[in-house]
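Written out below as C-alpha cells is the structure these notes cover.
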Amino acid sequence: MRRSIATRILSVALAGLSFGGMAQTVATKPEPSAAEVQRMQWFKDAKLGIFIHWGIYAVDGIDESWSFFNGKISYPDYMKQEHGFTAAHYDPQAWADLIKRSGARYAVLTTRHHDGVALWDSKQGINVVKDTPAGRDLVGPFVQALRKDDLKVGLYYSLADWSSPDYDVFTRKEKRYSKDPVRWQRFLGYYQGQLRELSERYRPDLWWFDGDWEHSAAEWQADKTRDMLRSYNPGVVINSRLPGNGDYATPEQGPPITPPAARYWELCLTTNDSWGYQQRDKNFKTPTQVIGLFVDTIGMGGNLLLDIGARADGTIPQEQVDILTALGQWIQRYPEAIYGSSAGVPKDYYAGSSTVSADQRTLYLFVNGKPNGPVLLKGLMNKVVDARLLGSTGSLKTQLIGNSVNIPGLLYIDLAGQALDPQMSVIALKLDGPLKLFKKPYDKTTES
Ligand code: GLC
C-alpha cells in the first residue's frame, strides 16, 4: 500500500519538468485524478482573477468586519454604515468590462463578509436589499455581466457571521455562547441555506470561502456543504478555506518565495494595503510592481487574485482602474507566455520569472527592466531552436559557453539593440523537445 502511494508521487515545485540526472527530492504530492485535472483546467489556465471586496465598510472606509471585531469602532456604529450604502452608481457591466480588460478570466465578489451583510436578498439575516438604501440585489446583475463577457463567476462567502445571533463568536473579546448545540445547528441551517440560495440563483463556477478558522471541518459540516454545492454544479471549484475540502491553496498577501506544496494555488493580493475601499489608503502598488508580482506568481505555477475595493456608491477608485488597465495592456502583448502556461524554471536556472508552454517546448523568460548585459540561462539540457523577443521580429543572438556531454553550458541571450518593453519584456526560447533541466549534485570524483 505504502509503495503504491509512493510510486504515485509526483513533483510539485517543478511540476511538469523532467531532469537530466538523478531523481529529484523536492516537495512531492499525489497525482491528481483525471476528473480533478479536468475540473481544475480552466482555473489553472486562467492565471488572473479579480477579487472585489464590496460591503457597508466602504461607507466609512474602514476595515471590513475586523474594525468592529477588533474594537476600533463599536458594533452599532459599524452597522450605521448601512444607511450610507447606496450603490447609486453601480454599473455591473462596467465592472465586468474592466475585469475583462485587465486580462483576468474570472472574478470573485464578496457576497457576504464576516459582518453578515449579504449583497443579495437572502431570505435570512441582514442584507443590502432590505437593510440599506441600495435596495436591490447586487450579486445577480454582476454575475450576468461576467457571463456576458465570458468570465467565470466566483462567489466569496464567509462561513463565520459575527452578526448572527446564532453564531458563537461576536468580537475578539465577546462570545455569545460556548456550547449550545441548538443554536449551532440553527447557524448551520442558516449558512447552508444561504449557500443553497446562491447556488440555485447564480450557479457559480467557483466558491471562495473564508472565515473558517473559528471552527473545525466537522463543526462546519464541511463535507456535507461540499456535497451540496457539487450537487448544483459538479464541476465547481472550491478554495481551501472550506476546511478539508479545498481544490486549491490560498496564500494571502506577499508572494510565496517558494511555491506552496499544493498542486493548485492562488495568491490573493491587495492593490494597496486594504481589501475594501479605504479612502485614506493611497499606498498603491505601481502597475510595474503588479506585473512583476503577477509573473512571479504564474512563474511558480499559481494564479493571482488581485483585489480591488468598490466605493459605497458602486464606483471603483481610479487608481485601481489604472492598475487593472495597465496590467491588461501588458498581458495583451504576451498572451502566449501567460494563459495555459505552467511554472517555469527555478530561479537557480534563471534569475527571474519564467513560464513554459503547455506542450513544454517553449520556455518564456520574463525580463525586468533593461539588463546591463546578456541574459543568462543555466542548466538547460535542450537545444534552443530559436530565440525571440516577443513582439519583435527576427531572432535573438545566443551564445552557449562550456557545453559538454551531459553538462549543459551557459546560455547567454543577447538583448543589445532590442526594443525592450518598459514594463517587462518576454524572451521565447523554442526548444528541440520538452523542457529538460540539468540536475546533478556536485560530485568530487569528477574533479580532475
Ligand atoms: C482575510 C480577512 C478578510 C479578507 C480575506 C481575503 O481572511 O479576514 O477580511 O476578506 O482575508 O483573502
Side-chain angles (χ1 to χ4, degrees), residues 43 48-73 75 78-79 81 85 104 106-119 128 138-139 142 154-164 167 169-172 191 194 198 204 206-215 217 220 222 237-243 245-256 260 262 264-278 281 283 285 290 293-294 297 302-312 316 320:
F43 179 81
L48 181 67
I50 300 297
F51 207 175
I52 304 172
H53 274 67
W54 197 25
I56 62 167
Y57 40 85
V59 172
D60 290 351
I62 51 176
D63 285 349
E64 65 292 342
S65 312
W66 290 101
S67 48
F68 77 82
F69 185 87
N70 289 327
K72 281 195 193 157
I73 181 172
Y75 181 71
Y78 181 91
M79 293 310 290
Q81 295 178 98
F85 191 75
Y106 63 104
V108 178
L109 173 67
T110 51
T111 62
R112 204 212 69 195
H113 207 262
H114 320 322
D115 62 12
V117 183
L119 291 191
V128 297
L138 303 175
V139 179
F142 182 53
L155 300 184
Y156 167 108
Y157 184 86
S158 165
L159 294 169
D161 179 342
W162 296 328
S163 280
S164 166
Y167 191 68
V169 179
F170 177 36
T171 66
R172 189 170 293 284
Y191 105 74
Q194 286 204 319
L198 289 167
L206 183 150
W207 281 105
W208 213 101
F209 285 103
D210 195 16
D212 56 314
W213 56 85
E214 286 159 348
H215 290 277
W220 288 121
V237 172
I238 303 175
N239 78 342
S240 58
R241 299 185 191 184
L242 181 65
N245 283 285
D247 291 313
Y248 71 89
T250 54
E252 187 170 312
Q253 299 285 40
Y264 303 104
W265 56 273
E266 173 200 66
L267 169 72
C268 53
L269 187 78
T270 50
T271 35
N272 50 0
D273 292 332
S274 317
W275 295 104
Y277 172 68
Q278 299 207 15
D281 182 356
N283 199 22
K285 297 170 181 77
V290 170
L293 293 164
F294 176 55
T297 307
N303 285 5
L304 180 67
L305 185 65
L306 185 64
D307 180 73
I308 58 176
R311 293 193 189 93
I316 294 170
Q320 295 178 331

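Computed from a predicted structure; not experimentally measured. Hydrogens, waters and symmetry mates are skipped; everything else that's a heavy atom, side chains included, is used. Counting starts at 1 for both ligands and their atoms, following the listed order. Numbers for residues simply follow the sequence, beginning at 1.
Closest to atom 9 (O) of ligand 1 among all protein heavy atoms lies E64 OE2, 2.8 Å. In this structure, atom 5 (C) of ligand 1 lies nearest to the protein heavy atom D210 OD2, 3.3 Å. The protein heavy-atom contact nearest to atom 1 (C) of ligand 1 is E252 OE2, 3.4 Å. Regarding atom 2 (C) of ligand 1, its nearest protein heavy-atom neighbour is W66 NE1, 3.4 Å. For atom 4 (C) of ligand 1, the closest non-hydrogen atom of the protein is H53 NE2, 3.5 Å.
If you number the atoms of ligand 1 from 1 as listed, the ones under 4.0 Å from a heavy atom of R241 come out as 7 (O), 11 (O), 12 (O). Close contacts of ligand 1 with C268, meaning ligand atoms under 4.0 Å from a residue heavy atom, involve 12 (O). Taking every non-hydrogen atom of W213 and a distance limit under 4.0 Å, the qualifying atoms of ligand 1 come out as 8 (O). Close approach to H113 involves these atoms of ligand 1, each under 4.0 Å from a residue heavy atom: 3 (C), 4 (C), 9 (O), 10 (O). Which parts of ligand 1 touch F51 is read off a 4.0 Å heavy-atom cut-off, strictly below it: atoms 6 (C), 12 (O).
Taking both residues in full, the closest heavy atoms of A58 and A310 are given as CB-O, 3.4 Å, listed atom of the first, atom of the second, then distance. The shortest heavy-atom contact between W265 and P251 is CE3-CG, 3.9 Å.
The cationic group of R112 lies under 6.0 Å from the six-membered ring centre of Y157 and within 45° of the ring axis, placing it in a cation-pi geometry.
With ring centers used as reference points, Y106 lies under 6.0 Å from F43. Note: W162 and Y75 fail the aromatic proximity criterion, with ring centroids not under 6.0 Å apart.
The proximity of W208 to ligand 1, defined as any non-hydrogen pair under 4.0 Å, is limited to the side chain.
Each of F142, F85, Y277 was checked for a ring-ring contact (aromatic ring centres under 6.0 Å, His included) with W54, and the lone residue meeting it is F85. Tested against Q278, the residues D273, N283, D63, N272 include a single side chain to side chain donor-acceptor pair (under 3.5 Å) partner, D63. Looking at H113, H114, E64 one by one, the single match for side chain to side chain donor-acceptor pair (under 3.5 Å) with S158 turns out to be H114.
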